[in-house]
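In the text below, chain A, chain B and the rest are named by the order of the sequence lines, each starting its count at 1.
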Amino acid sequence: MEWVAVATLLILVLALALTGVRLVLGPSLADRVVALELIALIAVAIMVVYAIQVGRPAFMDVALVLALTAFMATVGFARFLERGGKTDE
Amino acid sequence: MSEVLTAIMLLAGALLILIGAIGAVRMPDLLLRMHATTKAGALGAGLIAVASGIYFTSPEVSVRAVAILAFVVLTAPVAAHMIGRAGYFTGAPLWEKTLKDELRDNLDRTGHYLHSGSPQEPGDDNDSQRQ
């Protein structure tokens with residue numbers, strides 16, 4: 001069980017690095033918001049895997065709260081883009 | 001038995017998220033990137049949440065796992081819809097090999113107003129004048 005958790009964490013960190021590449025490259029703000037949403041999702045997954053690895057279910061609460069706030073951040077960014085952000089054209 | 005099931009679901013979820021991240025880097029435009037990240041990412045995170053619910057056998061942890069699963073699965077399409085709409089309205093460029101963009105002619109960009117049917121003629125841009 002121990003090596004499965006470590007392997008899962010390694011795969012998730014690789015996914016996090018790839019998403020970071022897209023976050024830096026852009027090119028538009030909407031692309032970066034998509035990358036941020038995926039980063040929040042990967043962070044939720046990492047917290048759940050860490051809770052399994054150390055055997056402490058209290059970390060599940062943190063993952064739940066992060067999933068809630070990431071959705072709010074995404075909705076806020078989308079409204080900002082539509083209502084007053086700079087456009088690409 | 002539950003350990004094996006947990007291990008399989010953890011690895012499958014992590015690999016799905018990795019596929020989503022690879023898609024985010026490799027896909028050519030915004031909508032295709034969202035196509036990769038939203039579905040694969042939500043399914044991967046949901047699988048990992050279910051795996052934790054199986055691993056911790058106590059019911060209060062399982063309820064949290066189901067709550068994470070439900071929240072991720074319910075909010076991912078809503079968030080993707082809002083970003084896709086905002087990206088399209090702000091003029092994110094489509095892939096050069098895109099075959100159809102039927103919405104482009106029917107979009108009044110200044111008022112965020114969409115109309116159906118054939119595109120309006122130039123000089124006939126006000127609906128109230130037509131009636």
Turns out that what part of A:Ala35 lies under 4.5 Å from chain B's heavy atoms comes down to neither
Answer key: most heavy-atom pairs under 4.5 Å with chain A among B:Ala67, B:Gly84, B:Ala14 is B:Ala14
Separation between OH (B:Tyr88) and CD (A:Glu82), nearest 0.5 Å, reads 13.0 Å
Heavy-atom nearest pair, B:Thr90 first then A:Leu81, reads CG2-O, 3.3 Å
To the nearest 0.5 Å, atom CG of A:Leu64 lies from atom CZ of B:Phe71 at 8.0 Å
With hydrophobic residues grouped by side-chain heavy-atom distances under 4.5 Å, do A:Trp3 and A:Leu9 end up in a single group?
-> yes
Q | Verify same cluster id: B:Leu69, B:Leu11 (apolar side-chain graph, 4.5 Å) | A | no
Nearest heavy-atom contact between B:Ile48 and A:Ala45 is CD1-CB, 3.7 Å
Whatever's closer than 4.5 Å to a heavy atom in chain B on A:Ile46 counts as neither
### Query
Are B:Tyr55 and B:Val50 co-members of a hydrophobic cluster defined by side-chain heavy atoms under 4.5 Å apart?
no
All heavy atoms of B:Ala79 vs all of A:Thr74, minimum pair found to be CB-CG2, 3.7 Å
Value for CE (A:Met47) from CD1 (B:Ile68), rounded to nearest 0.5 Å, stands at 10.0 Å
Nearest heavy-atom approach of A:Ala15 to B:Ala21 is O-CB, 3.4 Å
Applying a strict 4.5 Å limit to non-hydrogen atoms, the region of B:Ile22 in contact with chain A is both
Counting heavy-atom pairs under 4.5 Å with chain A, the top scorer among B:Glu60, B:Met82, B:Arg33 is B:Arg33
Greatest number of non-hydrogen atom pairs under 4.5 angstrom with chain A, of B:Leu10, B:Leu15, B:Val61, falls to B:Leu10
Bottom line for A:Arg56: the part with an atom under 4.5 Å from chain B's heavy atoms is backbone
Checked A:Ala78, A:Ala63, A:Pro57 vs chain B; the most non-hydrogen pairs under 4.5 Å come from A:Pro57
In this structure, CG of A:Asp31 is separated from CE of B:Met34 (nearest 0.5 Å) by 10.0 Å
Ranking A:Val21, A:Val33, A:Val75 by heavy-atom pairs under 4.5 Å to chain B gives rank one to A:Val75
Less than 4.5 Å apart, any side-chain heavy atom of B:Thr37 and any of A:Glu37? no
I'd like to know if the side chain of B:Arg64 and the backbone of A:Met60 have a donor-acceptor N/O pair within less than 3.5 Å. no
Linked, directly or transitively: B:Leu43 and B:Val73 (ILVMFWY side chains, under 4.5 Å): yes
Per-residue tally against chain B (heavy atom, under 4.5 Å) across A:Ala30, A:Ala70, A:Ala7 peaks at A:Ala30
**Heavy-atom side-chain proximity of B:Ile17 to A:Leu41 below 4.5 angstrom** = no
Looking only at B:Thr6, B:Ile19, B:Leu18, B:Val4, most heavy-atom pairs under 4.5 Å shared with chain A are made by B:Leu18
So CZ of A:Arg79 and CZ of B:Arg85: to nearest 0.5 Å the spacing works out to 9.5 Å
query: Going hydrophobic residue to hydrophobic residue with side-chain gaps under 4.5 angstrom, can you get from A:Ile11 over to A:Tyr50?
result: no
Okay, A:Leu38 and chain B: the region with an atom under 4.5 Å from a heavy atom over there is side chain
Exercise. Can you tell me if CZ on A:Phe71 sees more than 12 non-hydrogen neighbours from other groups inside 6.0 Å?
Worked result: yes
